[in-house]
Amino acid sequence: MAWLVLVLAGLFEIGWAVGLKYTAGFTRPIPTVLTVGSMVVSLGLLGLSLKTLPLGTAYAVWTGVGTLGTAVLGIVLFGEAADAARLACIGLIVAGIVGLKLVSPA
């Protein structure tokens, strides 16, 4: 269950990271409220997952899920580069997340 909560926290991290782009420097009220709400939920879920998972593992997976999703959405939504080297590096992040899951005691 802690892993599910942690992945959900990572998904909300993606939400607030992408949301930052839409806030226009926190000058647009609705995107700003949604982004801040996503931040609060993300951190709250991360905290819940830490009841069971080791800190280093949970934080690495949380940031990894957030980084992965944000990079993919940057490519899809904002036309960021999708060259082979960048995609390979994103693949390494996925490998790291899977590796941490495989070696985690929880």
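Residues Leu87 and Leu68 fall within the same hydrophobic cluster, defined by Ile, Leu, Val, Met, Phe, Trp and Tyr side chains chained together at heavy-atom separations under 4.5 Å. Residues Ile97 and Leu92 are members of separate hydrophobic clusters, defined by side-chain heavy-atom contacts under 4.5 angstrom among Ile, Leu, Val, Met, Phe, Trp and Tyr. No single ILVMFWY cluster, assembled from side-chain heavy atoms under 4.5 Å apart, contains both Leu6 and Val103. Cluster membership for Val36 and Tyr22, using ILVMFWY side-chain heavy atoms within less than 4.5 angstrom, is not shared. Under a hydrophobic-cluster definition in which Ile, Leu, Val, Met, Phe, Trp and Tyr are linked whenever side-chain heavy atoms come within less than 4.5 Å, directly or via other members, Val40 and Val7 are assigned to different clusters.
Between Gly64 and Ile93, the shortest heavy-atom distance links the atoms O-CG2, 3.6 Å. Of all the heavy atoms in Leu50 and Ala58, the pair that sits closest is CD2-CB, 3.4 Å. What you find for Ser104 and Leu53 is that their closest heavy atoms are OG-CD2, 4.1 Å. Here the closest non-hydrogen pair linking Val65 and Leu11 is CG1-N, 4.0 Å.
With rounding to the nearest 0.5 Å, the separation of CG in Leu73 from CD1 in Ile14 is 6.5 Å. With rounding to the nearest 0.5 angstrom, the CG atom of Leu48 is 11.0 Å from the CG atom of Leu43. For the atom pair OG1 of Thr70 and CG of Leu20, the computed distance is 9.0 Å after rounding to the nearest 0.5 Å. Rounded to the nearest 0.5 Å, atoms CD (Glu80) and CD1 (Ile75) are 7.0 Å apart. In this structure, Met39 CE and Leu34 CG are separated by 11.5 Å, a value rounded to the nearest 0.5 Å. With rounding to the nearest 0.5 angstrom, the CZ atom of Arg28 is 9.5 Å from the OG1 atom of Thr35.
Side-chain contact of Trp62 with Ser42: a donor-acceptor pair under 3.5 Å is present, judged by distance alone.
Of the possible donor and acceptor atoms, one in the side chain of Ser49 sits under 3.5 Å from a partner among the backbone N and O of Leu46.
Heavy-atom neighbours of Ile30 CD1 from other residues, nucleotides or ligands within 6.0 Å: at or below the threshold of 12.
The shortest distance between side-chain heavy atoms of Trp3 and Thr57 falls below 4.5 Å.
For residues 8-20, no residue pair satisfies the side chain to side chain donor-acceptor pair (under 3.5 Å) rule, not counting sequence neighbours.
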